[in-house]
Amino acid sequence: MRTLAPLAAVVLAALIAVAGAGAAQNTATTVLGSTPTSGQTLNVTFTVFGSQPVVPYEFALENTCVYPPKLGGHFTLGQHDAVVAWTAIDASGNPQVTMPVYLQSVPSGSSCRVSLVDNNTVVKGSTVAYVVG
């Protein structure tokens with residue numbers, strides 16, 4: 001009996017590790033709602049695919065823009081907003097959310113990237129690069 005309990009614990013730990021490793025991470029797509037324009041708000045729609053649960057506040061929109069000033073160097077502007085609610089589903093039942101990217105202070109010609117992040121890790125397939133017009 002004394003060796004049975006440790007053996008059972010080892011087997012249980014191995015099963016938990018295999019189950020965790022077998023669970024594929026979510027992927028996502030990102031669609032820009034319009035042409036990115038300086039001084040405007042850009043709506044971005046994220047759709048998440050996969051078997052991992054999608055819950056409020058775990059995911060966030062992350063947008064980073066880099067632009068060269070007239071006198072050398074460069075500046076970086078960023079936006080990081082939590083997804084507080086998944087407001088829609090697509091035709092296949094995948095969760096979706098549309099969020100605003102604020103380009104009011106981003107000058108024309110800036111190079112930007114918008115992504116969906118899960119606990120500060122970019123979700124595979126969610127990054128879209130764009131230039132602000």
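Residues take their numbers from the sequence shown, with the count starting at 1. Everything quoted here is computed from the prediction, not taken from an experiment. Only heavy atoms go into these numbers, but all of them, side chains included; no hydrogens, no water, no symmetry mates.
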Discussion item. Can you tell me how far apart CD (Q52) and CD (E58) are? Round to the nearest 0.5 Å.
Written reply: 8.5 Å

Practice prompt. Give a yes or no on whether F46 and L32 share a hydrophobic cluster (residues Ile, Leu, Val, Met, Phe, Trp, Tyr; joining criterion: side-chain heavy atoms under 4.5 Å apart).
Written response: yes

Worksheet item: Just wondering, do P95 and V54 contact through their side chains at under 4.5 Å, heavy atoms?
Response: yes

Worksheet, complete the sentence: Closest heavy-atom pair, D81 versus P100, reported as atoms and distance to 0.1 Å, is OD2-O, 4.5 Å

Discussion item. Under 3.5 Å, is there a donor on one side chain and an acceptor on the other for T47 and Q96?
Written reply: yes

Worksheet item: Do you know the tightest heavy-atom contact between C112 and V106?
Response: SG-CG1, 4.3 Å

Practice prompt. Considering non-hydrogen atoms only, spot the tightest contact between H80 and A60 and give its length.
Written response: NE2-CB, 3.6 Å

Fill in: Inter-residue atom distance S110.OG - L77.CG, 0.5 Å rounding
7.0 Å

Item to complete: May I have all residue pairs that pass ring pair (Phe, Tyr, Trp, His ring centres under 6.0 Å) and include part of residues 84-106, sequence neighbours excluded?
Response: F59-W86

Worksheet item: Distance only, no hydrogens: is a donor on one side chain within 3.5 Å (strictly under) of an acceptor on the other, for T98 and T45?
Response: yes

Worksheet item: Hey, any chance Y130 and V117 share a hydrophobic cluster, counting ILVMFWY side chains that come within less than 4.5 Å of each other, even indirectly?
Response: no

Worksheet item: Among V122, V44, V128, whose side chain to side chain contact (heavy atoms under 4.5 Å, CB included) with S115 holds?
Response: V122

Item to complete: State, with a plain yes or no, whether a side-chain heavy atom of N63 is found less than 4.5 Å away from one of R113.
Response: no

Practice prompt. State yes or no: do V123 and F49 share one hydrophobic cluster built from I, L, V, M, F, W and Y residues joined by side-chain heavy-atom distances below 4.5 Å, directly or via other members?
Written response: no

Practice prompt. Can you sort out the partners of T121 under side chain to side chain contact (heavy atoms under 4.5 Å, CB included), two or more places apart, ordered by chain and number?
Written response: none

Item to complete: Determine whether V114 and E62 make a side-chain contact, defined as any pair of heavy atoms from C-beta on separated by less than 4.5 Å.
Response: no

Practice prompt. Please examine the side chains of S38 and L103, heavy atoms only from C-beta on, and report whether any two atoms are closer than 4.5 Å.
Written response: no

Worksheet item: Heavy-atom distance under 4.5 Å between the side chains of V83 and Y57, does that happen here?
Response: no

Item to complete: State plainly whether one hydrophobic cluster holds both L42 and V132, where clusters connect Ile, Leu, Val, Met, Phe, Trp and Tyr through side-chain heavy atoms under 4.5 angstrom apart.
Response: yes

Worksheet item: Do V66 and L61 belong to the same hydrophobic cluster, where Ile, Leu, Val, Met, Phe, Trp and Tyr are linked whenever their side-chain heavy atoms lie under 4.5 Å apart, directly or via other members?
Response: no

Worksheet item: How long is the span from the NZ atom in K124 to the OG1 atom in T29, to the nearest 0.5 Å?
Response: 14.0 Å

Response to the item:
Between the SG atom in C65 and the CZ atom in F75, the distance rounded to the nearest 0.5 Å is 14.5 Å

Fill in: Any donor-acceptor pair under 3.5 Å from T41 side chain to V101 backbone
no

Item to complete: Supply the atom-to-atom distance I89 CD1 to N94 CG, rounded to the nearest 0.5 angstrom.
Response: 8.5 Å

Discussion item. Could you measure the distance from the OG1 atom of T37 to the CD atom of Q104? Nearest 0.5 Å is fine.
Written reply: 11.0 Å

